[in-house]
Every structure is written in structure tokens, then in C-alpha cells.
Amino acid sequence: MSVPFATIEHLADHVDETVTLRGWLYNKSSKGKLHFVQLRDGSGMVQCVLFKKNVPESLFDEVGTLGQESSLSLTGKVVADERAPGGFEIQVEDGQVLQVAEDYPITPKEHGADFLLSKRHLWLRSRRPWALLRIRDAVIFALREFFSERDFVCVDSPMFTPNACEGTSTLFEVDYFDRSVFLTQSGQLYAEASAMAHGKVYCFGPTFRAEKSKTRRHLTEFWMLEPEVAFADLRDICDLAEDMLCHVVKRVLERRRTELEVLERDISKLEAIQKPFPRITYDEAAQILLEDPGSEFKPGDDFGAPDETILSNRHDRPLMVTHYPSEVKSFYMKRDPEREDRCLCVDVLGSEGVGELIGGSQREDDLDLLLERIRKHDLPREAFEWFLDLRRYGTVPHSGFGLGLERCVGWIAGVEHVRECIPFPRTIYRVDP
RNA sequence: UCCCCGAUAGCUCAGCUGGUAGAGCAUCCGGCUGUUAACCGGAUUGUCGUAGGUUCGAGUCCUACUCGGGGAGCCA
């Protein structure tokens, strides 16, 4: 008689049945003639109980010597037991050890960030990274679902680009046959081209910044989702960002409860993420900061990270700040027709003081104005000719934004550092493993 | 590029005004039929980041360097 395989995630469907689980030994404690094995199989973790009198003696002895992360399969009856973490346990009858692992470096005790990152290929197996990357998966799925339901087409932008989108200091240069090209730092310009073909598009892929940033909010390689919508104005794009964030949070709450609990996330903070998000202008935000003794903000400046924290901490949901001074923003953003020194842009600051999650704008759709800005910013016009074509042939008002995936995951999961929100983080001083 | 902090056992750390190195965990041995980071008893564990300097004597003080962490700027 063959025993069916089961996954720990779906054990509730197999109560009082005998199943075989295949996985790794996460932790073990022995009490003489009794072993408790915490088995993980990728889908979850469950306690397996081996009584000496219930299993083959060789298996009992062998399990007694197993080190952390040894691979094995265990067969037994699934029973509900209040004493077991998770509510279920396996009363083991038989099993097989696949490999005896020795001296696994990551113990159940505390470790430092440097050590864990140097062992990232193994650290992925630990509870916290496991939960976090499953939340990341749910965020990605929910984002694609959201845009698909709204008839957006996913049209990805290239990774290799011939030139900078804004300046050249933050680009990684790559040998490309007999010339050099750069790794993209934004898919936006290409997304604008795609939007003129499909109306509503988004691109989603890795993005590279050679900035020497060393903060909890920065990676040199991160994932960015960038929708671009023809005929949309600033207000449309703000509405879109708001709906998108609400959808993603709702889905994570539905599908990743267990993982949020592993991270000890305060669920009520996520349940508060509902429409409408507060929207204020740069000038209103500036007024708040000028009255705050904790801020060093000066009128006309962009907001620093501490300023963003002050602003976002005033609300229990994301804050949208619009109409920044044109001077501190990019050349492609459209000016406010009512006030030339302000542009039609929005930054979305996550709640709980996490800072910028989204940056977006209505795009400049007038050829002459765009030419003038390219000149003013000293950008190489030849490189932008294809982009200018979009204004020559049927230009329309259009808008878009960029969402930093890892920042979004960190915000939802309540995790401070973005390096935990991507499987293998790349930072200025770390590209291994 | 700038500012701040750190580097001692496999891991996390302690080591006072300078006097030849310590704990917990991991590992190994023994005990235990309900553990939740199990517990109890025993054992093993070191180029104190590197190179100079001061000193009778440096883990400790000084200088430089290397590596890493946090932050600023910039951004998502």
C-alpha cells in the first residue's frame, strides 16, 4: 500500500490520514525515547513526533543524530494537537533520511546581518526570509492581477539602454560588443512609447542604480513596476496608485496571514489602508514642515528622508504629495498650467514613516517644451529623438508612475530594510552570494 | 563624496584607569515519553581584522589601512 505525499500547507485536508512529508529538519529536541522534529518542506513547518516504540529502531537512532537542515521524508498520521505549534502534528511511523547535514551555520539563535547576508543562499530557508519572500510573491501576483483586471497590457522595457534617462552618474556601464551601453535605471521612456501603442500599459522588471547609497531604503538592483496611461492626467494617476495599493494590501491580508504572523506584523495597520488617501500639495507639506521643530526643511527644497517620515507619520495610510517645484523634479514632467514653477507630479509616501513608495507625474506632451528642457538640462538631444517622435506623431496627455517593489513589500510586511525584501540583494558593497 | 559606529571562539557578545582570554549558543559524550530558542551533567573551541608605533608589558592607548554596518545627498 502506498502512502500519499502531502504538503504542510495543506495538512488540514489530511487530518487522521497517514501521509508522507518530504523536507528538511529545521530543529530538533530529544527527550530520551522521544524525538520532536520540526520539519519544513517549503510550504510550511510542522512538528513530527517520533516515539521510540512506534518507529523502526534504526530510524529512531538515525534521527537522533541528525543535524539541522538534514533532508528526510517522514510518514505518519496527521493529528490535531493543541500542544503542537500550528495545531497539527505528525505521529511518525516510518521514514527515510536522504542526507545527513553537519554543522549548518545558521542556528536557531541570533545572528548579525553581515553573517546572514553572507549566507543568504541558506538564510532563505529560515522562517523570516521564507515569510517575507512569500509576501513578495503575493504582492507581485496582486499587482499583475490588478492591472490585468483593468485591461492594462504588460509591455516590458529593455534592460540595456543606449543612454541615460537623467544624467549619467548613476548608471552601470556594460560592454556591448564594440560599444558600451547602460543598465536601465527606469523603464518609463519606453513605457511611454508602449502606451501610445496599447493605451494602458505597465512594465515590470529589475532596475539598476549605481548610486553609492548606503541606507535601509536602497539597493543597486531593485524591481520597479511602471504603469503608463494615455489620456490620463495627474488626478487619474493618483486614483490609480491609490486603488492599486489598496488592492495589493487586501490580497496580502487574504493570502499571507500565516506569513504576516511569522513576522509579527500588526495587522490593524494594514487593515487601515483604505481609500481615500490624504492628498496635499508640496506647499501644504512645506507649511507643515516649517512649523515642525524636528525639520530642517527650507522653502524650495525637495523633502529629505526625515521630512518624508514626519509627513507620513501624520496619517494611518499613505500620503500623496503633489505639485512639487519644477526645479527639483525631472525634465519630462508637465508643468502646472496654473503655476509654471510647479509640476504635475505626485510622490506617495508609505504610512508608518517608511518614505517614498511611488513617484509619478503627468508627462510633458508638447514637443517644443520638451526640446527646451532637454536643452536646459544639457541632455544629448540625439539620444532622445525617438522619444521626441512620440510628441511628433499623435501626442496626447499621458501619465504614469513607478512603484519600488521592495519598498512596497517592506512597507506591507513591516520590515525596515529593503535588502530583506529581495531574494539576493545587491548593495554597494555586496554582490555575493 | 561626507558624517557616525563596529571588527575578540563556528555564531552572538563581555573583557573597567594597559598585567599573557571569558560566557551563552553551536559541536561531541551521557541522561530524560510532551519539547516549543527544551532542560540537566561533562568535554572541545582563539594569528583578539591587517600593518606599524608607544610601553618592561597592548584585546585594551596612538596612527594608517582593509572590510562591514547606520545615516546624509540622490532616488523607488
Side-chain angles (χ1 to χ4, degrees), chain A residues 26-38 45-54 60 64-65 67-68 81-87 89 91 101-119 122-123 126-127 165-167 169-170 184-188 204 206-226 241 296 301-309 328-330 346-350 354-360 401-411 416-419 421-422 427-430 432:
Chain A
Y26 192 73
N27 202 0
K28 179 190 74 179
S29 73
S30 297
K31 280 189 63 82
K33 298 185 170 57
L34 169 63
H35 297 312
F36 293 102
V37 168
Q38 302 297 332
M45 185 113 57
V46 71
Q47 171 166 282
C48 303
V49 189
L50 287 82
F51 284 108
K52 189 166 188 174
K53 65 177 170 60
N54 293 346
F60 188 86
T65 67
Q68 221 182 314
D81 192 312
E82 284 178 3
R83 293 171 297 185
E89 67 179 25
Q91 290 179 346
E102 288 176 351
D103 297 324
Y104 186 71
I106 301 174
T107 68
K109 297 286 177 180
E110 288 174 27
H111 298 283
D114 183 46
F115 175 76
L116 289 171
L117 284 168
S118 72
K119 300 272 184 283
L122 300 176
W123 187 26
S126 298
R127 284 178 74 84
C165 156
E166 319 153 40
S169 61
T170 64
T184 182
Q185 59 176 190
S186 166
Q188 182 202 317
F204 187 32
T207 299
F208 308 88
R209 305 267 167 102
E211 277 292 342
K212 294 188 174 177
S213 300
K214 289 177 64 176
T215 80
R216 70 191 76 214
R217 302 180 305 279
H218 290 87
L219 296 166
T220 55
E221 177 185 321
F222 65 96
W223 282 63
M224 186 152 68
L225 184 141
E226 297 171 280
E296 293 173 12
D301 283 1
D302 201 353
F303 303 133
D307 295 328
E308 291 182 348
T309 301
V328 303
K329 290 293 182 183
S330 301
V346 58
D347 279 3
V348 182
L349 311 179
V354 302
E356 190 175 348
L357 298 175
I358 288 173
F401 63 77
L403 167 78
L405 177 69
E406 290 76 18
R407 284 189 185 176
C408 182
V409 171
W411 167 61
E416 278 220 324
H417 210 302
V418 289
R419 69 184 163 205
C421 300
I422 190 167
T427 56
I428 174 169
Y429 293 130
R430 193 183 292 282
D432 295 303

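Proteins come first, then strands; the chains are lettered A, B, ... in the order of their sequence lines, and each starts at number 1. Side chains included, hydrogens not; waters and symmetry mates left out as well; all remaining heavy atoms used.
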K.L.:
Using OP1 and OP2 only, check whether a side-chain N or O of A:Arg209 sits under 4.0 Å from B:G73.
P.N.:
no
K.L.:
Counting any heavy atom closer than 4.0 Å, what does A:Phe51 reach on the DNA or RNA strands: base, sugar-phosphate only, or nothing?
P.N.:
base
K.L.:
Expressed as a whole number of Å, how far does the P atom of B:U60 sit from that of B:U54?
P.N.:
15 Å
K.L.:
Check every strand shown and say whether A:Ile358 touches a base, only sugar-phosphate, or nothing at a heavy-atom separation below 4.0 Å.
P.N.:
sugar-phosphate
K.L.:
Please tell me if A:Lys214 has a side-chain N or O lying less than 4.0 Å from either OP1 or OP2 of B:G70.
P.N.:
no
K.L.:
Residues two or more places apart in sequence or in another chain: which of them pass ring-ring contact (aromatic ring centres under 6.0 Å, His included) with A:Phe36?
P.N.:
none
K.L.:
Which part of the nucleic acid does A:His218 contact within heavy-atom distance under 4.0 Å: base, sugar-phosphate only, or nothing?
P.N.:
base
K.L.:
Give none if B:U54 has no partner; otherwise give the nucleotide forming a Watson-Crick or G-U wobble pair with it, both distances under 3.5 Å.
P.N.:
none
K.L.:
Please confirm whether the shortest side-chain N or O distance from A:Arg217 to OP1 or OP2 of B:G70 is below 4.0 Å.
P.N.:
no
K.L.:
How far does the C1' atom of B:G22 sit from the matching atom of B:C61, given to the nearest Å?
P.N.:
22 Å
K.L.:
Specify the closest pair of heavy atoms between A:Arg407 and A:Val418, including all atoms of both residues, with the distance to one decimal.
P.N.:
CG-CG1, 3.8 Å
K.L.:
With a 4.0 Å cut-off on heavy atoms, is A:Lys53 in touch with a base, just the backbone sugar-phosphate, or nothing at all?
P.N.:
base
K.L.:
Would you say A:His417 reaches B:G70's phosphate, i.e. side-chain N/O to OP1/OP2 under 4.0 Å?
P.N.:
yes
K.L.:
So for atom OH, which belongs to A:Tyr429, do other residues, nucleotides or ligands contribute more than 12 heavy atoms lying within a distance under 6.0 Å?
P.N.:
no
K.L.:
Answer with base, sugar-phosphate or nothing: what part of the nucleic acid does A:Thr207 contact at a heavy-atom distance below 4.0 Å?
P.N.:
nothing
K.L.:
Using the C1' atom on both, measure B:G15 against B:A9 and round to a whole Å.
P.N.:
14 Å
K.L.:
Under a 3.5 Å limit for both distances, which nucleotide forms a Watson-Crick or G-U wobble pair with B:C67, could you say?
P.N.:
B:G6
K.L.:
Using a 4.0 Å heavy-atom cut-off across all strands, classify A:Glu89 as base, sugar-phosphate, or nothing.
P.N.:
base
K.L.:
At under 4.0 Å between heavy atoms, what does A:Gly67 touch on the DNA or RNA strands: base, sugar-phosphate, or nothing?
P.N.:
nothing
K.L.:
Could you tell me whether A:Arg430 contacts a base, only the sugar-phosphate backbone, or nothing, with contacts defined as non-hydrogen atoms closer than 4.0 Å?
P.N.:
sugar-phosphate
K.L.:
Would you state whether a donor and an acceptor, one from the side chain of A:Ser213 and one from the base of B:G73, lie under 3.5 Å apart?
P.N.:
yes
K.L.:
Applying ring-ring contact (aromatic ring centres under 6.0 Å, His included), can you list everything that pairs with A:His218, at least two apart in sequence or on another chain?
P.N.:
none
K.L.:
Say we look at B:C25 and B:A64: how far apart would their C1' atoms be, to the nearest angstrom?
P.N.:
36 Å
K.L.:
How would you label the contact of A:Glu102 with the nucleic acid (heavy atoms, under 4.0 Å): base, sugar-phosphate, or nothing?
P.N.:
nothing
K.L.:
Look at the aromatic rings of A:Phe60 and A:His35 and report parallel, tilted or perpendicular, splitting at 30° and 60°.
P.N.:
parallel
K.L.:
Applying the 5.5 Å / 30° rule, does A:Tyr429 stack onto the base of B:G68?
P.N.:
no
K.L.:
I'd like the C1' distance from B:A51 over to B:U12, given in whole Å.
P.N.:
28 Å
K.L.:
Categorize A:Arg127 for me: base, sugar-phosphate, or nothing, with a 4.0 angstrom heavy-atom threshold over every strand shown.
P.N.:
nothing
K.L.:
Mind checking the P distance from B:A58 to B:U50? Whole angstroms is fine.
P.N.:
15 Å
